[in-house]
2 protein chains.
Amino acid sequence: MALKTIEEYVEVIYTLEMRSGRAHTTDIALILNIKPPSVTEMLQKLHDMDLVIYEPYRGAKLTPQGMKMAQELMQSHKTLVEFFEIIGIDNETAEVDACQIEHHVAAKTMKQLRKFVEFTQKAPCEPIWVKHFEYFDKTGIRKKCNLK
Amino acid sequence: MALKTIEEYVEVIYTLEMRSGRAHTTDIALILNIKPPSVTEMLQKLHDMDLVIYEPYRGAKLTPQGMKMAQELMQSHKTLVEFFEIIGIDNETAEVDACQIEHHVAAKTMKQLRKFVEFTQKAPCEPIWVKHFEYFDKTGIRKKCNLK
DNA sequence: TATCATATTTAGGACTACCTAAAGATACAA
DNA sequence: TTGTATCTTTAGGTAGTCCTAAATATGATA
């Protein structure tokens, strides 16, 4: 099992805070699949880093700085999932892979990927290339670019 | 500095082995930006895992199993770099990001991304959508799908 | 072949995220 | 208010990757 990064904690805390106003030790531990004492330890560290306000026995909430990080991560996550779905990955795999990757992509790359997703989603009509890609995916045959 | 994964070592060893027949401790250390004793330690571990043949004072070579892993990683790396370049990322950033990500993508996703890259590269003519995307990238304007 | 610069390993230690077991706090129900 | 089940933290320890300093092996050169 890969070690949990600061980013993963921040994201989980964000989700729990949205859900119930606060992120409790046990809930974080359940989601990250680790034991509660490990979470306590990390919450103290995140508190020292000014990413969360941690009150013993009362769980944690994100600071503005932590919130900013969380929102950027959620945005990256969303972009990756949408991209994976465009290229024909099932939602479940897309979610898992997005979690694995989202912390490792440069801001510049993420921005460009976002553009690509928007380019595809904002098409005024179903883009021909998407249909062609689906066809290529199934058959291995690459249709001519400008034929339907 | 992120801790080096087994995959990173395998990839570096592959590169050095291709270049000079063997991967020496110091060369690996230089590339991974760590000190030689750390490399020795890991080579012993990789040897135990049957990923390399490690002979003290003589460096390491990949086993067939290690070679297989390396080749899969190189392939993933290539796919990612090619994809990033399609969506307009400069080569340098593409290389860096590919290294960061390649170990974290599910096989299924990698396969699909490979298809997407091939779909784009194998186009019988320059795909219209790529031009449209470049235009969208520069201007923010989404052209109609089937207009040049 | 003896010497010596360089490469490598060994020894010992730091740091981090994780764990289990035990102690302490909380909150709800009797 | 007291008891108790649950949640949380503290204490102490493991494992993995990294480090520096010191010891050792290698190989080229004199």
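Each chain gets a letter, A, B and so on, in the order its sequence line appears, and its residues count up from 1.
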Rounded at 0.5 Å granularity, tell me how far CG in A:Leu30 sits from NZ in A:Lys35.
9.0 Å
Going from CD1 on A:Ile101 to OG on A:Ser76, what distance comes out if it is rounded to the nearest 0.5 angstrom?
11.0 Å
Closest to the 5' end of DNA chain C, once A:Glu41 and A:Tyr57 are matched to their nearest nucleotides, is A:Glu41
Is the distance between the ring centroids of B:Phe83 and A:Phe83 under 6.0 Å?
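When the ring centroids of B:Phe83 and A:Phe83 are compared, they turn out to be within the sub-6.0 Å range.
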Would you confirm whether B:Arg142, through its side chain, and A:Phe119, through its main-chain N or O, come within 3.5 Å as a donor-acceptor pair?
yes
Rounding to a whole Å, what distance do you find between [X]:[atom1] and [N]:[atom2]?
X: B:Met42; N: C:dT8; atom1: CE; atom2: C1'; answer: 18 Å
X: B:Leu43; N: C:dT8; atom1: CG; atom2: C1'; answer: 11 Å
X: B:Lys45; N: C:dT9; atom1: NZ; atom2: P; answer: 17 Å
X: A:Asp48; N: C:dT16; atom1: CG; atom2: C1'; answer: 15 Å

Identify the 5'-most and 3'-most nucleotides of DNA chain D with at least one atom closer than 4.0 Å to a non-hydrogen atom of chain A.
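Endpoints of the contacted stretch of DNA chain D: D:dC7 to D:dT10.
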Mutual orientation of the aromatic rings belonging to B:His104 and A:His104 [parallel < 30°, tilted 30-60°, perpendicular > 60°]
parallel
Does the pair A:Lys115 and A:Gln112 meet the rule for a side chain to side chain contact (heavy atoms under 4.5 Å, CB included), with working shown?
CA-CA 5 Å; A:Lys115 267 190 192 166; A:Gln112 204 64 14; 4.2 Å; yes
Donor-acceptor pair between B:Glu95 and B:His77 side chains, under 3.5 angstrom:
yes
State whether a side-chain donor-acceptor pair under 3.5 Å links A:Thr63 with A:Asp50.
no
Looking only at side-chain N and O atoms, does B:Thr40 come under 4.0 Å of OP1 or OP2 in C:dT9?
yes
Residues of residues 7-26 of chain A with any non-hydrogen atom less than 4.0 angstrom from an atom of DNA chain C: list those, numerically ordered, please.
A:Tyr9
So what does A:Pro56 hit on the nucleic acid, given a heavy-atom distance under 4.0 Å: a base, only sugar-phosphate, or nothing?
sugar-phosphate
